[in-house]
Amino acid sequence: MSTQSDQSVEHSPMWGAKPGVKSADYGTRAVAYIIDTAVIWGLSIAMVVVAVLVAQVSDNVWVFLIPLVLIWAGYLVWWVMLLRRSQTPGKMIMKIWVIRDGGMRAGWGLMLVRELLVKGLVFVLILGPPTFYVVTLVDLLWPIWDRNNQTLHDKIMGTHAVQGPMQE
């Protein structure tokens with residue numbers, strides 16, 4: 001007879017995935033998050049620098065929008081392509097991907113809602129400022145004490161960040 005503790009992570013609903021797939025450890029998830037954040041901030045800073053340089057050499061003030069649009073369009077195309085694979089750029093580099101509770105890969109739509117609406121809009125833009133980003137920090141630290149290594153946005157969306165052979 002098994003106890004409740006025997007049925008923790010190994011037997012949770014997320015393990016409908018392929019054998020060898022395991023929950024991504026906190027350090028790997030943190031590095032993926034840092035990479036995603038660095039890419040976004042790096043692109044933003046690069047866009048501002050390029051926009052200022054273009055505006056300096058051009059008679060048309062609006063020409064600075066061209067490099068801004070091109071840089072962000074390129075990033076968004078890359079990001080959207082990775083969402084289809086259940087990854088963000090940081091997750092791709094760290095070899096992490098996202099599955100649903102039943103073990104199947106999170107699709108493009110679920111990843112879009114997870115990354116943009118729940119993680120970005122709710123936890124960073126809406127709840128972040130009035131709580132001095134304590135809610136955002138709690139979301140990011142939640143996997144440290146969660147038995148399934150899930151963040152709060154994972155729990156809301158029914159997802160898990162995992163490593164191992166990717167579901168097709």
Side-chain angles (χ1 to χ4, degrees), residues 13-18 20-54 62-129 133 135-143 148-168:
M14 71 183 264
W15 297 112
K18 287 182 178 179
V21 173
K22 64 182 178 96
S23 187
D25 65 82
Y26 183 75
T28 306
R29 288 190 76 164
V31 171
Y33 181 81
I34 291 167
I35 291 169
D36 285 336
T37 303
V39 168
I40 290 170
W41 278 98
L43 282 175
S44 299
I45 291 168
M47 286 183 349
V48 169
V49 169
V50 169
V52 167
L53 291 174
V54 169
W62 295 103
V63 78
F64 78 91
L65 287 176
I66 294 169
L68 295 180
V69 169
L70 290 176
I71 291 170
W72 269 104
Y75 176 71
L76 287 176
V77 166
W78 181 42
W79 196 72
V80 167
M81 288 172 57
L82 287 177
L83 288 182
R84 286 187 24 221
R85 294 175 38 96
S86 304
Q87 295 178 308
T88 62
K91 285 179 180 62
M92 179 196 74
I93 291 167
M94 296 308 295
K95 297 178 177 31
I96 299 173
W97 50 288
V98 178
I99 62 173
R100 295 183 269 169
D101 279 339
M104 297 301 295
R105 273 194 350 205
W108 182 85
L110 184 65
M111 285 296 290
L112 186 69
V113 170
R114 178 185 185 271
E115 296 295 321
L116 282 182
L117 296 180
V118 177
K119 192 161 116 181
L121 184 65
V122 173
F123 281 100
V124 175
L125 295 177
I126 294 174
L127 296 176
Y133 293 94
V135 170
T136 308
L137 185 61
V138 169
D139 176 47
L140 295 174
L141 294 176
W142 199 269
N148 289 324
N149 294 340
Q150 289 177 288
T151 58
L152 293 177
H153 64 268
D154 281 325
K155 291 189 174 297
I156 290 169
M157 296 302 298
T159 58
H160 304 266
V162 296
Q163 295 172 296
M166 190 178 272
Q167 296 281 114
E168 293 305 321

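Only this structure's heavy atoms are used, side chains among them; waters, hydrogens and symmetry mates stay out. Just so it is clear, the structure is predicted and the values come from calculations on it, not from any experiment.
Sorted by first and then second residue, the pairs that involve residues 117-127 and meet salt bridge (charged side-chain N to carboxylate O under 4.0 Å, His left out), not counting sequence neighbours, are E115-K119. Each salt bridge (charged side-chain N to carboxylate O under 4.0 Å, His left out) pair with one or both residues in residues 26-45, not counting sequence neighbours, appears once here: R29-D154.
Screening K91, M94, K95 against T28 for a side-chain contact (heavy atoms from CB on, under 4.5 Å) leaves a single residue, M94.
The side-chain contact (heavy atoms from CB on, under 4.5 Å) test applied to L43 returns V39, I71, Y75, not counting sequence neighbours. For V118, the side-chain contact (heavy atoms from CB on, under 4.5 Å) partners are V113, F123, H153, I156, M157, not counting sequence neighbours. Not counting sequence neighbours, T136 has no partner by the side chain to side chain donor-acceptor pair (under 3.5 Å) test. Residues forming a side-chain contact (heavy atoms from CB on, under 4.5 Å) with A30 (at least two apart in sequence, or on another chain): Y26. Partners of D139 by salt bridge (Lys or Arg N to Asp or Glu O under 4.0 Å), not counting sequence neighbours: none found. Listed by chain and number, the residues in a side-chain contact (heavy atoms from CB on, under 4.5 Å) with L121 are L117, L125, I126 (sequence neighbours excluded). For R85, the salt bridge (Lys or Arg N to Asp or Glu O under 4.0 Å) test picks out no residue, with sequence neighbours left out. Residues passing the salt bridge (Lys or Arg N to Asp or Glu O under 4.0 Å) test with K155, sequence neighbours excluded: D146.
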Do any side-chain atoms of residues 77-84 form donor-acceptor pairs under 3.5 angstrom with protein atoms, and if so which ones, sequence neighbours left out?
none

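With rounding to the nearest 0.5 Å, the separation of OG in S86 from CD1 in I99 is 9.5 Å. Between atom OG1 of residue T159 and atom CG of residue D101 there is a gap of 7.5 Å, rounded to the nearest 0.5 Å. From H160, atom NE2 reaches atom CZ of R100 across 11.5 Å, with rounding to the nearest 0.5 Å.
Side chains of V122 and L127 form a contact here, defined as non-hydrogen atoms less than 4.5 Å apart. The side-chain heavy atoms of Q87 and I96, taken from C-beta on, include no pair separated by under 4.5 Å.
Although no hydrogens or angles enter the test, the distance criterion places no donor-acceptor pair under 3.5 Å between the side chain of W97 and the main chain of A106. Remark: the backbone N or O of G27 is paired with a side-chain donor or acceptor of D25 at under 3.5 angstrom.
Between S23 and N148 the shortest heavy-atom distance is OG-O, 3.2 Å.
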